[in-house]
Amino acid sequence: MKIRREKLNAFIEKGVQPFGHRFEVTHHAADIREEFGSLEVEQESSDEVKIAGRIMAIRGHGKASFGVLADRSGSIQIYFKLDVLGEEKYSQFKLLDIGDIIGLRGKVFRTKRGELTVRVENFDLLSKSLRPLPEKFHGLKDVEIRYRQRYLDLIMNPEVRDTFLKRTEIIKSMRKYLDDRNFIEVETPILSTIAGGAAARPFVTHHNTLDTDLYLRIATELNLKRLIVGGFERVYEIGRIFRNEGMDNRHNPEFTSVEIYQAYGDYNDLIDVTEGICCAAAEKIFGTTKITYQGVEIDLKNPPRLSMNDAVKNKTGKDFLSCQTVEEARKMADEIGVAYEERFGIGGILNAAFEEKVEDDLIQPIFITHHPTEISPLAKKNPDDPRITDRFEFFVYGRELANGFTELNDPIDQKNRFEEQLKAREAGDEEAHVMDTDFIRALEYGLPPTGGLGIGVDRLVMLLTDAPSIRDVLLFPTMKVLAE
RNA sequence: GAUUCGCUAGCUCAGUCGGUAGAGCACCUGACUUUUAAUCAGGGUGUCCCGGGUUCAAAUCCCGGGCGGAUCACCA
């Protein structure tokens, strides 16, 4: 680093500003490959190109040298020659380091070895790099540096850049899918006085002027349904939500969800939307709905549907919905070694059995439906059996990727459900819903029959980029603060 | 939060039984006008994560702490 500072001063002494300004770029590396790819060995283009990027390698040969310049589209070889540049400019080239950012112009030719190359007629130093980059051969592997200094990761590891470009493509394909079907994209507050719409502990912050605590949203659900009440009929929001929970491969404190609400539809319509979004994204990236995740082949097309109770029954032989009393359900759970808490009803115990015995095995895509009402405080009850709801969750590789249901639009029932949640909260469930009286009031004005859906965007991106950790699909994952 | 593994040069890593801190790449000096992990000759650039302890002597052994990974717990 000391030496690089000396080189920086040497540029200044030569009258060259080491941190340059605007540079007009006519081509990127990929453009050159496309436009001049047909050049024969030792043949040269008639026109000059202007390119800019970061020097990734220098191979010196005395009075001529090769380098590699990387830009957003890839990289291209560049050739510096004393005869072409002259003594002064070539001596400036000698002061360049790997990592420096330059702009240059020159004609394109193909070397004896067949490498498409730009012969540098002249170059401008656009930014002197004062720190050495990681070594090129082994690259940057230290995951801590990769996450904390993502810029280095992006410079050194092209596949990382590729993952994040795919992330953008996936989100674009989602927008297109929804926009094409007349859903409108909206933005709702992140700061709110009530954190509702999901079961999770929120982050708390404080507004000085209002002198009041505010919560960071844990879901977008309730506000989006207010908008359905308001008459939008089809809305969605792609946005960051925040949950004050532990972190691991699948959880980051802030993550991105897309929630979608469709008036006059029900959970079956939203199952179709879920499948449609996932397949559209996979097709955009791979051209097929058949993907490989962590060595397992997965086809996102036409996943089967199975009720939670049947899933548990198939696996354990126990039919929890045949129970008439909690005691019977507890006995069943005991027989198959499933733990439950005192406050659980039949539905809670069924859900515990599902999570314990079934969830991890749901590798191939499947829609699990008809979750117990007890654990679904915002979902509409099934018309034939009030103990369960018209709800679904989409599982792939043992992970919940999406969750949706026919929305509860009966304000009286919703109020009862909130009151049940308050009891659960008092019984020690920190993540039970809080009462949202304005939401009840909105329902009292009339929410049309509506289907709703939430997809974990990061988890979908993980699946489609074969990323083992959620941190691999977040540019700047949450990290512990380093001690001073 | 628990268990476990890791932290040594810019990067990737080695370091034996506790005895002068190592390699490759990068970097520096020199040679080289079509190389591509360029090559050849020479050069080691360090808070061994931090703080204690044991010892004549600690990267190494012990204790505490930090950060990271994995697994579990938690998290619909």
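So that the names make sense, note that chain A is the first sequence line, chain B the second, and so on, each numbered from 1. None of the values given here were measured: they were computed from a predicted structure.
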The side chain to side chain donor-acceptor pair (under 3.5 Å) partners of A/Arg201 (sequence neighbours excluded) come to none

A/Arg167 and A/Asp458 ion-paired at < 4.0 Å: yes

Base, backbone or nothing for each nucleotide of nucleotides 35-50 of chain B, written B, S, -, heavy atoms under 4.0 angstrom, 5' to 3'? BBBB------------

Between N or O atoms, less than 3.5 Å apart, protein on one side and nucleotides 71-73 of chain B on the other: list the pairs.
| residue | atom | partner | partner atom | Å |
| --- | --- | --- | --- | --- |
| B/U71 | OP2 | A/Asn249 | ND2 | 3.1 |

When you measure from the side-chain N and O atoms of A/Lys2 to the phosphate of B/C28, is any distance below 4.0 Å, counting only OP1 and OP2? no

Which nucleotide wins on minimum distance to the side chain of A/Glu431, given the candidates B/U34, B/A76, B/C11? B/A76

Got a sec, which residues hit salt bridge (charged side-chain N to carboxylate O under 4.0 Å, His left out) with A/Asp310, two or more places apart in sequence or on another chain? A/Lys313

Using atom types as modelled, flag every donor-acceptor pair under 3.5 Å from a side chain in residues 387-394 of chain A to any protein atom, sequence neighbours excluded.
| residue | atom | partner | partner atom | Å |
| --- | --- | --- | --- | --- |
| A/Arg387 | NE | A/Asp385 | OD1 | 3.2 |
| A/Arg387 | NH1 | A/Leu321 | O | 2.9 |
| A/Arg387 | NH1 | A/Cys323 | O | 3.4 |
| A/Arg387 | NH2 | A/Leu321 | O | 2.9 |
| A/Arg387 | NH2 | A/Asp385 | OD2 | 3.2 |
| A/Thr389 | OG1 | A/His371 | O | 2.8 |
| A/Asp390 | OD1 | A/Asn382 | ND2 | 2.8 |
| A/Arg391 | NE | A/Asn403 | OD1 | 3.1 |
| A/Arg391 | NH1 | A/Ile375 | O | 3.3 |
| A/Arg391 | NH1 | A/Ser376 | OG | 2.7 |
| A/Arg391 | NH2 | A/Asn403 | OD1 | 3.4 |
| A/Glu393 | OE1 | A/His371 | NE2 | 2.9 |

Hey, could you give me each pair passing salt bridge (charged side-chain N to carboxylate O under 4.0 Å, His left out) that has a residue in residues 66-90 of chain A? Not counting sequence neighbours. A/Lys14-A/Glu88

Please give me every residue in residues 90-108 of chain A whose heavy atoms get under 4.0 Å of an atom in RNA chain B, ordered by residue number. A/Asp97, A/Ile98

Please list all pairs meeting salt bridge (charged side-chain N to carboxylate O under 4.0 Å, His left out) that have one or both residues in residues 395-406 of chain A, counting only residues at least two apart or in different chains. none

Does the ring of A/Phe109 carry A/Arg119 above it, NZ/CZ under 6.0 angstrom from centre and within 45° of its axis? yes

A/Arg217: what forms a side chain to side chain donor-acceptor pair (under 3.5 Å) with it, not counting sequence neighbours? A/Thr188, A/Glu237

Contact under 4.0 Å: A/Arg243 side-chain N or O vs B/C74 OP1/OP2: no

Give each stem of RNA chain B as a range with a range, requiring at least 3 consecutive Watson-Crick or G-U wobble pairs whose two distances are under 3.5 Å. B:1-7 with B:66-72, B:10-13 with B:22-25, B:27-31 with B:39-43, B:49-53 with B:61-65

Could you identify which residues of residues 394-404 of chain A place a heavy atom less than 4.0 Å from some atom of RNA chain B, listed by residue number, or say none? A/Glu400, A/Asn403

Expressed in whole Å, how much space separates the P atoms belonging to B/U39 and B/G1? 49 Å

Aromatic ring pairing A/Tyr293/A/Tyr397, orientation class (parallel under 30°, perpendicular over 60°, tilted between): perpendicular

Tell me which residues in residues 344-364 of chain A put a heavy atom below 4.0 Å from RNA chain B, sorted by number, or none. none

